[in-house]
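First comes the structure, then the notes that go with it.
Naming: A, B, ... by sequence-line order, numbering from 1 per chain.
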2 protein chains.
Amino acid sequence: MESILNSVTTDDLLYRMIFDYYIEDEECMVVTIKDVAKRANVAPSTVSRVIADSSRISLDTKKRVRKAMKELGYYPNVNARNLAVRSSQAIGVIMPSSAETALQNPFFPEVLRGIGSTAHETEYSLYVSTGGNDEQLFEEVKRMVYGNRVDGMILLYSRVADPIMDFLVEANFPFVVIGKPYEQESRITYVDNDNYHASLELTNHLIDYGHRHIAFIGGTTDLVVTMDRLRGYRSALKKANLDFKDDYIVHDEFLRSSGRKAVERLFSLKKPPTAMVIADDMMSLGVINMLEEFGVDCPEDVSITSFNNLYLSELIRPALTTVDIQIYMLGVQSAKCLIEKLKHKEEPAKRIIIPYSIKFRNSTKNIN
Amino acid sequence: MESILNSVTTDDLLYRMIFDYYIEDEECMVVTIKDVAKRANVAPSTVSRVIADSSRISLDTKKRVRKAMKELGYYPNVNARNLAVRSSQAIGVIMPSSAETALQNPFFPEVLRGIGSTAHETEYSLYVSTGGNDEQLFEEVKRMVYGNRVDGMILLYSRVADPIMDFLVEANFPFVVIGKPYEQESRITYVDNDNYHASLELTNHLIDYGHRHIAFIGGTTDLVVTMDRLRGYRSALKKANLDFKDDYIVHDEFLRSSGRKAVERLFSLKKPPTAMVIADDMMSLGVINMLEEFGVDCPEDVSITSFNNLYLSELIRPALTTVDIQIYMLGVQSAKCLIEKLKHKEEPAKRIIIPYSIKFRNSTKNIN
DNA sequence: CATCTTCGTGCAAACGAATGCGCTTTTGGT
DNA sequence: ACCAAAAGCGCATTCGTTTGCACGAAGATG
């Protein structure tokens, strides 16, 4: 009798404790798979199988379990899940080391948006790199890989002799790169534009417009994309029997001060260019700005074409003639590729070329 | 006898399988805490304590263990760790729903860079939202919170009656917002600029320059930042005894088509504005573009001032007079705040105001 | 009416690390 | 020399899931 009384009191107390607890910190009320199981009168394993929508569970049970989950507000603990299945349903996104102001380029949020879109559809999460300099970045990649933080990675850039890329192929870790890998091209899956032909076409357009003195301004030469665009430019010149002058090539980060020197040099040549192919809309912005300081007008005195078709390239004056590389699409496809690869481990290396199109606007002038 | 034979063969096979496996996929050779323990001749628990740099372990042992870790290339499994300690050393970054092209704003990569920087220092990882529309975003936040995916969150925007923010305070989940919360201001920690005074000062500058007809162009009115900037503008007008005209106020997403209408309306007024306060550099870009179409020159015919001091605001023509809100710093501080809060659970709600400064450039003209 | 499938579940052992507690040593004080 | 305290370390449990295997109950087959 007494024991019953005790028992009752204890239960009562317990109930109130739980109740109070519940009131205080709702977020701490962790409801686990066991709670759900209890409420649905099944074993935890059954609940787990319901979550996975296993065919081995009857519809009746599934419904009952799902109801219990709803009622309890159950959300699976990812960490436990990931530990058990040794994966993380997350993909790592590696930006170039943020030391470079390249990050200010709207290219990144846009490509991130694309990646995020397909990641979301497939219930993957996004992990983005935070590393400041190259070394930190590398360290972080290692942590992601070895620490089981992500199942795969997307590299948002491609440079020559990139230790991170080397590391990833070495470790046989699934990844895709946006841009063309510098080496082992056939063994790495990547999504890219046909930058070579885009550049060629762009340059041809300038040639068609009567330009014979065309400069090329690109970013650091260790970016593969820069080199591809340069190659396209050279080919176009060659095919038109125009000679290629080293003086017309500028490689620069294009932050203000250094950019100034570049433009200064270009326009103090005995024969300054009447047109330029610039590897990135943001650079064009910088160039146009410099140009103005030197009293050179675009497109009157010099025509400008560039790449990426950023949102703002249409807003500035003059609106840029630029190649639309479909940034968003690059993101979408790279994520799709990666996830495909994660699902079927032995998926072969792929290459996906996103079509480009040239947006003709008014930064170029026909001087025929 | 036969069973022994069998057993041997099986073991042998198994061994070879493991061996092959080892050769094939290096990354699968997961080295755990136990392996390290074995190699260092200690118990796994000791290794764990070495990792945590516990004072209970002698320096000798620590060194030995660390050596073993290096040699084996040990990296802790985050999932296991997180499961055990019930945290994740990750912070969630919530961007506005990516449906809006707002994402193209370089504000985001820049603030991300700031967050990433301090996250990296403190060994936190970054989880970014991928949600497309508001609903998806909400769902994702729930998954992050309930699923133990992140320890805390940073909201990159603040709007009125945001269900996500409500949810987070309701769940008592640690978060900080960049921008001023619409309600419960005193209970939410946030980092912001003094947008009111910045706007006031900016408007005063235009008034000092002799402008009497000043328009305000802002984004959607449900962004708190927009409202703050609008308030500053109104105050300045009032103090200068200028009357506030509804005709001079435009709220718009400022994508091309809609933006056109806005500018059109503004400049077909009997008394068009001679100056404007614009809530964002990107918008200014759009406005300037429209202006040109209408044959209105900036700064000759109309002065423009705006906010954010994006990298590009200095590059465009005319270079924008804009308030530098220190985007990077906003990111850094918000992350610091959050991490502080995570460390000391009962940290009070804070408010951090990042100082602003006005960059005077040539988009404004003195018409006295 | 046995035997054999299928079907629906539950049991228990992983997954890799953290940690309370207890067991040895050492150290220091008297 | 003795005892207490402290230092250094290991055992075993825990975190919340997944999953191979086994088990029991139907239904099908002979």
Side-chain angles (χ1 to χ4, degrees), chain A residues 27-66 68-69 72-90 123 143-149 151, chain B residues 14 27-66 68-69 72-90 123 143 145-149 151:
Chain A
E27 101 276 15
C28 281
M29 258 311 292
V30 273
V31 15
T32 75
I33 210 172
K34 287 178 194 162
D35 302 320
V36 176
K38 220 163 277 169
R39 182 174 250 261
N41 274 321
V42 293
S45 50
T46 304
V47 178
S48 172
R49 279 187 255 265
V50 171
I51 294 171
D53 204 19
S54 158
S55 61
R56 291 174 50 186
I57 305 294
S58 67
L59 206 64
D60 277 12
T61 316
K62 277 187 188 171
K63 275 182 189 157
R64 217 168 63 242
V65 171
R66 290 208 178 104
M69 296 193 334
L72 265 52
Y74 168 77
Y75 277 80
N77 180 315
V78 263
N79 293 318
R81 169 167 215 290
N82 293 345
L83 178 57
V85 302
R86 278 197 230 59
S87 95
S88 58
Q89 288 286 308
E123 308 246 284
R143 269 181 20 210
M144 284 193 190
V145 171
Y146 291 132
N148 253 275
R149 251 170 251 261
D151 293 344
Chain B
L14 195 62
E27 99 277 15
C28 282
M29 254 315 290
V30 274
V31 14
T32 76
I33 210 172
K34 286 178 196 162
D35 302 321
V36 177
K38 218 164 279 169
R39 182 174 251 263
N41 275 321
V42 293
S45 50
T46 305
V47 177
S48 172
R49 281 186 252 267
V50 171
I51 295 171
D53 204 18
S54 156
S55 61
R56 291 174 49 185
I57 306 294
S58 69
L59 206 66
D60 276 12
T61 315
K62 278 187 187 172
K63 274 184 189 155
R64 216 169 61 244
V65 171
R66 291 209 177 103
M69 297 193 334
L72 265 52
Y74 169 76
Y75 278 79
N77 180 316
V78 263
N79 293 318
R81 169 167 216 289
N82 295 345
L83 177 58
V85 303
R86 278 194 228 59
S87 94
S88 58
Q89 288 286 308
E123 306 244 286
R143 269 181 22 210
V145 171
Y146 290 132
N148 254 274
R149 252 170 249 261
D151 294 343

Within the 4.0 Å limit for protein heavy atoms, which parts of nucleotides 12-20 of chain D are touched? Write it as a string from 5' to 3', B for base, S for sugar-phosphate only, - for none.
---BBBBBB

Is B:D151 salt-bridged to B:R86, going by a charged N under 4.0 Å from an acidic O?
no

Counting only heavy atoms from other residues, nucleotides and ligands, does the tally under 6.0 Å from NZ of B:K38 exceed 12?
no

Using a cut-off of 4.0 Å on non-hydrogen atoms, how would the nucleic acid contact of A:D60 be classed: base, sugar-phosphate, or nothing?
nothing

For A:V42, answer base if it contacts any base atom (sugar-phosphate contacts may also be present), sugar-phosphate if it contacts only those atoms, and nothing otherwise; contact means non-hydrogen atoms under 4.0 Å.
sugar-phosphate

Give the rounded distance in Å between these two atoms: [atom1] of [X] and [atom2] of [N].
X     : N      : atom1 : atom2 : answer
B:K63 : D:dG8  : NZ    : C1'   : 16 Å
B:D53 : D:dG8  : CG    : P     : 13 Å
A:N82 : C:dA17 : CG    : C1'   : 15 Å

Test ring-ring contact (aromatic ring centres under 6.0 Å, His included) applied to A:Y75 - qualifying residues, sequence neighbours left out:
B:Y146

Residues in side-chain hydrogen bond (donor to acceptor under 3.5 Å, both in side chains) with A:S58, at least two apart?
A:T61

What is the minimum heavy-atom distance between B:L83 and A:A80, and which atoms define it?
CD1-CB, 3.7 Å

So A:V65 and A:V42, do their side chains get closer than 4.5 Å, heavy atoms only?
yes

